[in-house]
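In what follows, every heavy atom counts, from backbone to side chain, and hydrogens, waters and symmetry copies are set aside. Counting begins at 1 with the first residue of the sequence.
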Amino acid sequence: MSKSNCKNIAILTTSRADYSILRNLIFLFKYSKKINFKLIVTGQHLSKKYGNTLNEILYDYGKQNLIKINLNVNQTHTQSLIKVIRNAMMKFSILFTKNKFDMIILLGDRYETLSIALTSVMYKIPIIHINGGEKTLGSTDDMFRHCITKFSNYHFVSCKKYFNRVLQLGEKKENIFNVGSLGVEAFSKNKVLSRSDLEKKLKIKFSKKNFVICVNSTTYGDENINHLLKHLFSALNEIKDHTAIFTLPNSDLNSDIITDEIKYFCKTNKNAFYFKNLGHVYFKSVLKVCDAIIGNSSSGMIEVPSLGIPT
């Protein structure tokens with residue numbers, strides 16, 4: 001098939017979270033001769049504050065057919081998030097004016113993704129949505145995810161329950177596909193580093209008990225994040241001979257509060273360490289050494305159980 005007859009398809013990635021899930025799929029598209037493929041990298045990937053995860057993508061993927069769109073993701077108060085949404089719609093409007101896409105693939109429930117989905121609809125670009133139909137209590141993610149589902153034309157869900165929920169939202173049954181979890185599949189294929197390598201490369205020291213801790217903003221509902229953190233830190237201080245390894249939260253509403261509290265806790269506890277981004281290999285490797293993952297991250301509900309590690 002000549003390139004001129006191929007479909008123009010793009011995959012969007014906005015953060016470390018969706019990239020780790022999409023990574024294997026991205027490589028399948030990259031090496032396919034049946035499509036003209038573009039990888040659109042935006043959001044937190046281009047922010048130093050969130051670990052410059054663009055570098056991980058460049059290491060994996062290279063620069064070929066990669067489009068970078070900087071949305072200036074740096075602060076987490078309401079007005080700054082609205083500016084990100086505005087920037088996304090304006091910059092993707094320019095992108096869609098200059099480039100013809102036959103389809104765009106979106107994953108999940110980020111507010112940046114929602115604004116790009118709406119822009120895609122305005123440009124009549126069909127959307128494939130991955131991981132629709134899921135539920136996230138205490139978060140605006142539910143609203144964003146269901147909105148993206150309604151904007152989308154095709155739906156790839158991870159289990160029958162989510163298939164039924166997307167169907168319940170009014171989507172056509174023939175356009176919904178239960179394909180399992182890309183996240184679990186990607187997780188199972190990641191290599192693992194040894195305990196000694198991790199200690200050397202991450203400059204940490206494991207103990208008798210070890211925990212990965214991932215706390216994200218509860219952006220909707222009545223839960224008080226300061227109250228949650230206070231009790232989390234208090235509980236950790238009750239455990240003798242342990243190491244706590246924190247991953248800092250995404251750019252959600254008021255997540256800077258969590259980041260500041262974690263940094264202070266690590267500063268005042270020699271057995272606690274934090275990382276902006278561990279990357280898919282280090283994250284899985286650290287988990288393999290740890291006794292549990294603690295927090296409200298979806299990874300503890302989806303990918304981590306495949307390792308037999310409790311959440």
Enquirer: Shortest non-hydrogen contact from F37 to I26?
Expert: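 Closest approach of F37 to I26, heavy atoms only: CE2-O, 4.0 Å.
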Enquirer: Show the atom names and distances, to 0.1 Å, of all donor-acceptor pairs under 3.5 Å that link a side chain in residues 299-311 to residues at least two apart or in another chain.
Expert:
from: S299; atom 1: OG; to: S297; atom 2: OG; distance (Å): 2.8
from: S306; atom 1: OG; to: E303; atom 2: O; distance (Å): 2.5
from: T311; atom 1: OG1; to: G300; atom 2: O; distance (Å): 2.6

Enquirer: Transitively linked via ILVMFWY side-chain contacts under 4.5 Å: F177 with F29?
Expert: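 Yes, it is one cluster - the side chains of F177 and F29 are joined through contacts under 4.5 Å.
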Enquirer: So does F156 get a backbone contact from the side chain of H129, meaning a donor-acceptor N/O pair under 3.5 Å?
Expert: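 Checking the backbone N and O of F156 against the side chain of H129, no donor-acceptor pair under 3.5 Å is found.
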Enquirer: Mind checking whether I293 and I258 sit in one hydrophobic cluster, side chains of I, L, V, M, F, W, Y counted as touching below 4.5 Å?
Expert: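 Different hydrophobic clusters.
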Enquirer: Given I11, which partner from the list I130, I105, L106 fulfils the side-chain contact (heavy atoms from CB on, under 4.5 Å) test?
Expert: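 In the set I130, I105, L106, the residue that makes a side-chain contact (heavy atoms from CB on, under 4.5 Å) with I11 is I105.
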Enquirer: Find the distance between NZ (K48) and CG (L54) and round it off to the nearest 0.5 Å.
Expert: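 Separation between the atoms: 14.5 Å.
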Enquirer: What pairs with K205 under side chain to side chain contact (heavy atoms under 4.5 Å, CB included), at least two apart in sequence or on another chain?
Expert: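 Scan of K205 (side chain to side chain contact (heavy atoms under 4.5 Å, CB included), adjacent residues dropped) gives E199.
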Enquirer: Please identify each residue that fulfils side chain to side chain contact (heavy atoms under 4.5 Å, CB included) with D260, with sequence neighbours left out.
Expert: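 So D260 forms no side chain to side chain contact (heavy atoms under 4.5 Å, CB included) with any residue.
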Enquirer: Examine L22 and Y162 and state if one hydrophobic cluster contains both, with Ile, Leu, Val, Met, Phe, Trp and Tyr joined whenever side-chain heavy atoms are less than 4.5 Å apart.
Expert: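 Different clusters.
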Enquirer: Any pair with a residue in residues 49-60 that passes salt bridge (charged side-chain N to carboxylate O under 4.0 Å, His left out), sequence neighbours left out, goes on the list, sorted by first then second residue, please.
Expert: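 Only R23-D60, K49-D256 qualify under salt bridge (charged side-chain N to carboxylate O under 4.0 Å, His left out).
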Enquirer: Determine, for D197 against R195, whether the closest basic-nitrogen to carboxylate-oxygen distance falls under 4.0 angstrom.
Expert: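 Looking at D197 and R195, the cut-off is not met.
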Enquirer: Would you say S207's side chain and K209's backbone share a donor-acceptor pair under 3.5 angstrom?
Expert: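 Answer holds: no.
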Enquirer: Hydrophobic cluster membership, with links at side-chain heavy-atom distances under 4.5 Å among I/L/V/M/F/W/Y: are I21 and F283 in one?
Expert: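 No; F283 is not reachable from I21 via cluster members.
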Enquirer: Under the 4.5 Å side-chain heavy-atom rule for ILVMFWY, direct or indirect, which residues accompany Y264?
Expert: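 Reading the cluster by chain and number, Y264 sits alone, since nothing else belongs.
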Enquirer: Under the criterion side-chain hydrogen bond (donor to acceptor under 3.5 Å, both in side chains), I'd like the reasoning laid out for T13 against D18: C-alpha separation, chi angles, the key distance, then a yes or no.
Expert: CA-CA 6 Å; T13 176; D18 65 40; 2.4 Å; yes
Enquirer: Return a table of donor-acceptor pairs under 3.5 angstrom between the side chains of residues 64-74 and protein atoms on other chains or two or more places apart.
Expert:
from: N70; atom 1: OD1; to: N72; atom 2: N; distance (Å): 2.8
from: N74; atom 1: OD1; to: S47; atom 2: OG; distance (Å): 3.3

Enquirer: Within this structure, what is the CD1-CG distance for the pair I35 and D102, rounded to the nearest 0.5 Å?
Expert: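 It comes to 10.5 Å.
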Enquirer: Kindly check if the number of other-residue, nucleotide or ligand heavy atoms within 6.0 Å of NZ (K91) is above 12?
Expert: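 Yes, NZ of K91 has more than 12 neighbouring heavy atoms, counting only those of other groups under 6.0 Å.
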Enquirer: Determine whether more than 12 heavy atoms belonging to other residues, nucleotides or ligands lie under 6.0 Å from atom CZ of F233.
Expert: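 Counting other residues, nucleotides and ligands, CZ of F233 exceeds 12 neighbours.
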Enquirer: Is the backbone of S93 close enough, under 3.5 Å, to the side chain of Y123 for a donor and an acceptor to pair up by distance?
Expert: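 Yes; at least one donor-acceptor contact below 3.5 Å.
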Enquirer: So, does N178 use its side chain to make a donor-acceptor pair with the main chain of F163 at under 3.5 Å?
Expert: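 Side chain of N178 to backbone of F163: no pair is present.
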Enquirer: Taking only residues two or more places apart in sequence, or in another chain, which ones meet H227 in a ring pair (Phe, Tyr, Trp, His ring centres under 6.0 Å)?
Expert: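 Ring pair (Phe, Tyr, Trp, His ring centres under 6.0 Å) check on H227 returns H231.
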Enquirer: Does the ring of F101 carry K38 above it, NZ/CZ under 6.0 angstrom from centre and within 45° of its axis?
Expert: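 K38 over F101 ring: no.
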Enquirer: Could you tell me which non-hydrogen atom of I128 sits nearest to which non-hydrogen atom of M103, and how far apart they are?
Expert: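 So the two residues come closest at CD1-SD, 3.6 Å.
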Enquirer: Could you tell me which residues satisfy side chain to side chain contact (heavy atoms under 4.5 Å, CB included) with S115, sequence neighbours excluded, listed by chain and number?
Expert: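 Listed in chain order: I85, A88, M89.
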Enquirer: For the residue pair H242 and F211, does the interplanar ring angle fall in the parallel (under 30°), tilted (30 to 60°) or perpendicular (over 60°) class?
Expert: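 Ring orientation, 0 to 90° scale: tilted.
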Enquirer: Can a side-chain donor-acceptor contact be found between Y282 and T247 if the only test is distance below 3.5 angstrom?
Expert: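 On atom types as modelled, these side chains do not qualify, holding no pair under 3.5 Å.
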Enquirer: Is there a path of hydrophobic side-chain contacts, each under 4.5 Å between heavy atoms of I, L, V, M, F, W or Y residues, that connects L228 with I239?
Expert: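 As far as the 4.5 Å side-chain criterion goes, I239 and L228 are connected within one cluster.
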Enquirer: For N131 and L107, indicate whether the former's side chain and the latter's backbone hold a donor-acceptor pair under 3.5 Å.
Expert: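 No, because the side chain of N131 does not come within donor-acceptor range (under 3.5 Å) of the backbone of L107.
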Enquirer: For M90, which fellow cluster members are found when Ile, Leu, Val, Met, Phe, Trp and Tyr are connected by side-chain heavy-atom distances below 4.5 angstrom, either directly or through intermediates?
Expert: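 For M90, no cluster forms, as it stays isolated from other hydrophobic side chains.
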Enquirer: Examine the side chains of T14 and Y19 and answer whether a donor and an acceptor come within less than 3.5 Å of each other.
Expert: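 Note: T14 and Y19 side chains miss the donor-acceptor criterion.
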Enquirer: How far apart are the closest heavy atoms of I127 and V121, and which atoms are they?
Expert: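 Shortest heavy-atom separation between I127 and V121 comes out as CD1-CG2, 4.1 Å.
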Enquirer: Give, for atom CG of L193 and atom NZ of K200, the distance between the pair rounded to the nearest 0.5 Å.
Expert: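 Spacing of CG (L193) from NZ (K200) equals 12.0 Å.
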Enquirer: Drop me the distance from L229's CG to I257's CD1, to the nearest 0.5 angstrom.
Expert: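 CD1 of I257 is found 9.0 Å from CG of L229.
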Enquirer: Could you tell me whether a side-chain N or O of S32 sits under 3.5 Å from a main-chain N or O of L28, the two making a donor and an acceptor?
Expert: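 Answer holds: no.
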Enquirer: Which salt bridge (charged side-chain N to carboxylate O under 4.0 Å, His left out) pairs, counting each pair once, include a residue from residues 105-117, with sequence neighbours left out?
Expert: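 Applying salt bridge (charged side-chain N to carboxylate O under 4.0 Å, His left out) to every pair that reaches into residues 105-117, excluding sequence neighbours, yields D109-R145, R110-E112, R110-D252.
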Enquirer: Might you point out which heavy atoms bring A244 and I213 nearest each other, and give the distance in Å?
Expert: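 In terms of heavy atoms, the two residues are closest at CB-CD1, 3.9 Å.
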Enquirer: Is it true that Y274 and T259 share a donor-acceptor pair across their side chains at a distance under 3.5 Å?
Expert: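 There is no such pair between these side chains.
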Enquirer: Please identify each residue that fulfils side chain to side chain contact (heavy atoms under 4.5 Å, CB included) with S234, with sequence neighbours left out.
Expert: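 Partners of S234 by the side chain to side chain contact (heavy atoms under 4.5 Å, CB included) criterion come out as none, since no residue qualifies.
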Enquirer: If we ignore hydrogens and angles and just use 3.5 Å, is the side chain of N99 paired with the main-chain N or O of F96 as donor and acceptor?
Expert: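 Answer holds: no.
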Enquirer: On a heavy-atom basis, which atom in V215 and which in G295 lie closest, and how many Å separate them?
Expert: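 What the structure gives for the nearest pair is CG2-CA, 4.4 Å.
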Enquirer: Going by atom type alone, with no hydrogens or angles, which donor-acceptor pairs under 3.5 Å involve a side-chain atom of residues 166-174 and a protein atom two or more places apart or on another chain?
Expert:
from: E171; atom 1: OE1; to: H155; atom 2: NE2; distance (Å): 2.9
from: E171; atom 1: OE2; to: K150; atom 2: NZ; distance (Å): 2.8

Enquirer: Take the angle between the ring planes of F265 and F246 and call it parallel below 30°, perpendicular above 60°, tilted in between.
Expert: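 Answer is perpendicular, since the angle exceeds 60°.
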Enquirer: Donor-acceptor pair, distance only, cut-off 3.5 Å: does the side chain of D291 make one with the backbone of N210?
Expert: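 Such a contact is found between D291 side chain and N210 backbone.
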Enquirer: For the side chain of S158 and the backbone of G180, is there at least one donor-acceptor N/O pair under 3.5 Å apart?
Expert: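 Side chain of S158 to backbone of G180: no pair is present.
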